[in-house]
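Worksheet: the structure to be examined is printed underneath.
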There are 2 protein chains.
Amino acid sequence: MTDLDHNTEQQIFRAARKIFTLKGYNGARMQEIADEAGINKALLHYYFRNKDKLFEGVFRDVLKTLFPGLTNILTADLPLFEKIPLFVSQYIDILTNNPEIAGFVLYELRLNPQRLVGNLRDIGIDMDLIRSQIESEVAAGIIRPVKPEHLIANLISMTIFPFIARPVLMSIAGMDEAHYTKFIEERKRIVPETIIQSLKPIQ
Amino acid sequence: MTDLDHNTEQQIFRAARKIFTLKGYNGARMQEIADEAGINKALLHYYFRNKDKLFEGVFRDVLKTLFPGLTNILTADLPLFEKIPLFVSQYIDILTNNPEIAGFVLYELRLNPQRLVGNLRDIGIDMDLIRSQIESEVAAGIIRPVKPEHLIANLISMTIFPFIARPVLMSIAGMDEAHYTKFIEERKRIVPETIIQSLKPIQ
DNA sequence: GTCTATAAACAGATAGAC
DNA sequence: GTCTATCTGTTTATAGAC
């Protein structure tokens, strides 16, 4: 399956990814996807049978953008204080390039949680590994004890949420586009700093 | 306008709030709202003219659940270290009772950011007030310097995100319903602790 | 493979009886 | 105020020509 073999199929898929992530499953129209791809509506059905199957493909594709490389960082063989900034920085870069996908995935999963089934492999984090890393760093006096669920929750919350809540944050803080961009860039430093400070043992 | 005067209207509104927050504007069906309210579809139009107006009312109502009391806490006359746990605890209680509204509001706002216009009053936080409180507590040696945008972003991210990402968090951490409930309750302690630790001056 | 034309189902909205 | 019946427009999906 080379790039040239399925040029139209790829064009459709790219258009579908754009429209679906922007408008959601229920808000997306097959006609709009066809327009975006510059082809006829009937071709969508020729290549992908129906809206559901097209969406399913896009959703898997978006999950692959969002998860695998990142869960790898979390389970890499690095001290927590190195892992955390790496994770935040890479995640912010991905979301800066794909600003809609976090909100898209979480919303569609809430509408339809069973979409997780069958895609769990892409999302899973080895919590036991993180738990044992925490235990050994606690034993070494590097960090204070913390439950892995809460550490992970804090980390991804502070990293992802500003992308989901963008309009609200801009509004309450009175930011324009430029401010928001700067704000996001600053979070590469702020988020790790916040977590690391909270993890340091009390001297 | 007493409760008894508009019993049907209220029934419809409650049903609409349930269906809209659960399925979103695009996913909600007037028929389903009518069924939920136990009345006929035509009555929806009799009371609320059309789907847009019905949604508009629900959206405002949800904003009122989500914001006013909380922004009040943030601008109350209390030390930061007291405000923060209060905010987290109250927000978690509200979201526990209305688990879908955070995701609902943020998603609908992303689809349609202009919904903020005209509702800004409900959402606004007086950032200058928070900024000056930070400055004075820094001057008093109680906390380290921090930009108000980031403090607020950290606070609401860690508080709200676990409700939006519920299925993902449950999945990656292998939690069942009971675990998740306990996890959320724990965050009333964890979130303030994390922020406060990160704010304490280095001794 | 790609198109035009159209079928089939659905969803929002209204007319009009009671 | 509340209902049944129906209209109108939209949207997914297919048939069939090229």
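All values reported here derive from a predicted model rather than from experimental measurement. Residue numbers start from 1 in every chain, and the chains themselves are labelled A, B, ... in the order their sequence lines are given, proteins ahead of strands.
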- Let me know the distance between CG of B:N40 and P of D:dA5, rounded to the nearest Å. 10 Å
- State which residues pass ring pair (Phe, Tyr, Trp, His ring centres under 6.0 Å) with B:F163; sequence neighbours excluded, sorted by chain then number. none
- Mind checking ring pair (Phe, Tyr, Trp, His ring centres under 6.0 Å) for B:F13 and listing every partner two or more places apart, or none if nothing turns up? none
- Tell me, please, which residues at least two apart from A:Y47 pass ring pair (Phe, Tyr, Trp, His ring centres under 6.0 Å). none
- Task: With a 4.0 Å heavy-atom cut-off, tell me which residues in residues 11-31 of chain A come close to DNA chain D, sorted by residue number.
- Result: A:A28, A:R29, A:M30
- Under the side chain to side chain contact (heavy atoms under 4.5 Å, CB included) rule, collect the residues that match up with B:F81, sequence neighbours excluded. B:I142, B:I143, B:I196, B:L199, B:K200
- Nearest-Å distance for atom pair CG/P, residues B:D35 and D:dC3: 12 Å
- Item | Rounded distance in Å - CG (B:L54) to P (C:dG12) | 11 Å
- Residue pairs involving residues 152-172 of chain A (criterion side chain to side chain donor-acceptor pair (under 3.5 Å); sequence neighbours excluded): A:N154-B:R187, A:N154-B:T194, A:R166-A:E177
Show the distances under 3.5 angstrom between N or O atoms of the protein and N or O atoms of nucleotides 15-18 of chain D.
none

- Note on the structure: What residues 43-52 of chain A contributes to the DNA chain C interface at heavy-atom separation below 4.0 Å is A:L43, A:Y46, A:Y47
- Contacts of type salt bridge (Lys or Arg N to Asp or Glu O under 4.0 Å), residue B:D93, not counting sequence neighbours: B:K188
- Who pairs with B:E193 by salt bridge (Lys or Arg N to Asp or Glu O under 4.0 Å), at least two apart in sequence or on another chain? B:R189
- Query: When you check the side-chain N and O atoms of A:N112 and A:E108, is any donor under 3.5 Å from an acceptor?
  - Reply: no
- Query: For the pair made of NZ in A:K41 and P in C:dC3, what is the distance, rounded to whole Å?
  - Reply: 13 Å
- Item | Set of residues satisfying side chain to side chain contact (heavy atoms under 4.5 Å, CB included) with respect to A:S136, sequence neighbours excluded | none
- Message: If I take atom CD1 in residue A:I33 and atom P in nucleotide D:dA13, what distance separates them, rounded to the nearest angstrom?
- Response: 11 Å
- Residue pair B:D52 / B:Y25, side-chain donor-acceptor N/O under 3.5 Å: yes
- Note on the structure: Across all chains, not counting sequence neighbours, the side chain to side chain donor-acceptor pair (under 3.5 Å) partners of B:Q11 are none
